[in-house]
Amino acid sequence: MHQTVRQIGWYNGAWYALSVLFFRLSGGRWQVFKYRFMAQAVAREPLCRGRGRAIEVRELGAGETPAAMARPAAVLAQRYAQGARCLGAFRAGELLGFLWFTLAPYQEDEVRARFMPAPARAGWDFDVQVLREHQLGFAFARLWDTANGLLAARGVRWSCSRISAFNAASLAAHRRLGALELGGAVFICCGSWQWMAATISPYVHLSRGPASFPHLRLEPPCSTSTT
C-alpha cells in the first residue's frame, strides 16, 4: 500500500486507504471507486510508425473472446448488447492485449453509472489492457493505431474514458498521449446503496438499487487543437 500511496499522492492515497479499509471491514460488500475522466484526441499519425508488424489486431465477435481476457461471461454479454466493440492484439495466435470502445452511451459494469460521450465528436474506450508479460512490446500502440483508424473513419475526434485515480501507470500513459482531464467522480458502494460525488453534472447522486444511476455527460473540446 505504501508504494501505491507514493505513486498517486497523499490525497488519492487517503481515498485508496479508505477503499481498502471499507473492503476489508465489510468482506467486500463496501467499495470505494475514484475516477478521473480523460479525453484523448484521436491520433492523426500512427503511434507505431511501421513497428510491431508481427502483431495482428482484429475485432473480436461475441463468440470468440479468448479465455485469457478473464472477464465474466455476463459482463461480456452486457458489453456486446450495448454495441461495444473489442479489439484484440495477437502474435502467433497468442493474445497480447485488448481494447474496448463504443460510440454510444455506455452502462458501466464496475459501478452503476451511464457514461455519455458527446455525440458525433467523441467515443468511449474502456478496459484497455496489455497482459503483463507483453507490456514492453508494441501491443498497446498497435491497439490504439487500429482504434484511432476506426474512430477517425466515423468522424470521431476524441475518445473519452474513466481511469481509476489509484492507477498511476494508466494515468501516466494517458497523459503521455496528450489526454486532457475532464473531471472526476467518487462512488461509494455499500450493498445496494451507492453514493456519487462528481465534478461534472449531475454532481451528486444517490442510488438505492439497480434501476437508479447517474447519467454523466463527457464534453471534450470541439477542436483537438488544444492538445
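Looking at Phe90 and Pro66, their side chains come closer than 4.5 Å, going by heavy atoms from C-beta outward. Residues Ser170 and Ser164 form no side-chain contact, since every pair of their non-hydrogen atoms from C-beta on lies 4.5 Å or further apart. Within the 4.5 Å cutoff, the side chain of Leu182 has no heavy atoms near those of the Glu219 side chain. For the pair Phe98 and Leu60, the minimum side-chain heavy-atom distance is 4.5 Å or more. For the pair Leu216/Ile200, a side-chain contact is recorded, criterion being any heavy-atom separation below 4.5 Å from C-beta on. Taking 4.5 Å as the limit, some side-chain heavy atom of Gln107 sits within range of a side-chain heavy atom of Gln82. Considering only heavy atoms from C-beta on, Leu177 comes within 4.5 Å of Leu47 through its side chain. By the 4.5 Å heavy-atom criterion applied to side chains, Val204 and Met196 are not counted as neighbours.
For Glu45, the side chain to side chain donor-acceptor pair (under 3.5 Å) criterion is met by no residue, not counting sequence neighbours.
Judged by distance alone, with hydrogens and angles left aside, the side-chain atoms of Arg176 form no donor-acceptor pair with the main-chain N or O of His174 at under 3.5 Å. For Glu181 (side chain) and Gly183 (main-chain N/O), no donor-acceptor pair under 3.5 Å exists by modelled atom type. Between the Tyr106 side chain and the Met116 main chain, no donor and acceptor come within less than 3.5 Å of each other. In this structure, the side chain of Arg175 does not engage the main chain of Ala172 through any donor-acceptor pair within 3.5 Å.
Atom CZ of Arg91 has 12 or fewer neighbouring heavy atoms from other residues, nucleotides or ligands inside a 6.0 Å radius. Within a 6.0 Å sphere centred on CG of Leu25, other residues, nucleotides and ligands contribute more than 12 heavy atoms.
Going from atom CZ of Arg36 over to atom CG of Asn12 covers 7.5 Å, rounded to the nearest 0.5 Å. Taking CD1 from Ile188 and CG from Leu206, the interatomic distance works out to 11.5 Å, rounded to the nearest 0.5 Å. Here the straight-line distance linking atom CD of Gln40 with atom CD1 of Ile163 works out to 9.0 Å at 0.5 Å rounding. The structure places CG of Asp109 at 7.5 Å from CG of Asp127, a figure rounded to the nearest 0.5 Å. Summarising the geometry, atom CG belonging to Leu218 is positioned 8.5 Å from atom OG belonging to Ser161; distances are rounded to the nearest 0.5 Å. Between Phe187 atom CZ and Phe33 atom CZ the span is 10.0 Å, to the nearest 0.5 Å.
Annotation for Pro117 and Gly123: closest pair CB-O, 3.5 Å, computed over non-hydrogen atoms. When all heavy atoms of Gly83 and Thr102 are compared, the closest pair comes out as O-OG1, 4.0 Å. Annotation for Ser159 and Val42: closest pair N-CG2, 4.4 Å, computed over non-hydrogen atoms. Smallest separation of non-hydrogen atoms from Pro202 and Pro214: CG-CB, 4.0 Å. Smallest separation of non-hydrogen atoms from Val130 and Ala139: CG1-CB, 4.1 Å. Across Ile8 and Ala165, no two heavy atoms sit closer than the pair CG2-O, 3.7 Å.
Ring orientation note: the planes of Tyr35 and Phe115 are nearly perpendicular, at an angle over 60° on the 30°/60° scale. Classified by interplanar angle (parallel below 30°, tilted 30° to 60°, perpendicular above 60°), the ring pair Phe166/Tyr16 is perpendicular.
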Set out, in order, the CA-CA distance, both residues' side-chain angles and the distance that settles side-chain contact (heavy atoms from CB on, under 4.5 Å) for Arg157 and Leu151, then state yes or no. CA-CA 8 Å; Arg157 302 173 187 170; Leu151 293 170; over 6 Å; no
Should Cys222 and Arg121 be marked as a side-chain contact (heavy atoms from CB on, under 4.5 Å) after you check the CA-CA gap, both sets of side-chain angles, and the distance that decides it? CA-CA 8 Å; Cys222 292; Arg121 72 172 187 272; 4.2 Å; yes
side-chain contact (heavy atoms from CB on, under 4.5 Å) between Trp158 and Met38, intermediate numbers included: CA-CA 10 Å; Trp158 297 91; Met38 312 293 284; over 6 Å; no
Please walk me through it: do Met69 and Leu76 pass side-chain contact (heavy atoms from CB on, under 4.5 Å)? CA-CA 10 Å; Met69 190 176 291; Leu76 296 177; 4.2 Å; yes
Could you go step by step and tell me if Tyr80 and Trp100 meet the ring-ring contact (aromatic ring centres under 6.0 Å, His included) rule? CA-CA 10 Å; Tyr80 282 116; Trp100 290 80; 5.2 Å; yes
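Two different hydrophobic clusters hold Leu143 and Trp124 under the rule that ILVMFWY side chains link at heavy-atom gaps under 4.5 Å. Two different hydrophobic clusters hold Phe37 and Leu103 under the rule that ILVMFWY side chains link at heavy-atom gaps under 4.5 Å. Criterion: ILVMFWY side-chain heavy atoms under 4.5 Å apart, direct or through other members. Under it, Ile55 and Leu136 are not part of a common hydrophobic cluster. The cluster map of Ile, Leu, Val, Met, Phe, Trp and Tyr, joined by side-chain heavy atoms under 4.5 Å apart, puts Val32 and Phe23 in different clusters. Cluster membership check: Phe140 shares its hydrophobic cluster with Leu150, using side-chain heavy-atom separations under 4.5 Å among Ile, Leu, Val, Met, Phe, Trp and Tyr.
The residues Arg85 and Glu59 are annotated as salt-bridged, a charged nitrogen and a carboxylate oxygen being separated by less than 4.0 angstrom. Using a 4.0 Å cut-off between charged nitrogen and carboxylate oxygen, Glu64 and Arg58 count as a salt-bridge pair.
For an aromatic pair to be called close, the ring centres must be under 6.0 Å apart, and Phe126 with Phe101 fails this.
Sorted by first and then second residue, the pairs that involve residues 132-149 and meet side chain to side chain donor-acceptor pair (under 3.5 Å), not counting sequence neighbours, are Glu94-His134. Sorted by first and then second residue, the side chain to side chain donor-acceptor pair (under 3.5 Å) pairs involving residues 191-210 (not counting sequence neighbours) are Arg112-Ser207.
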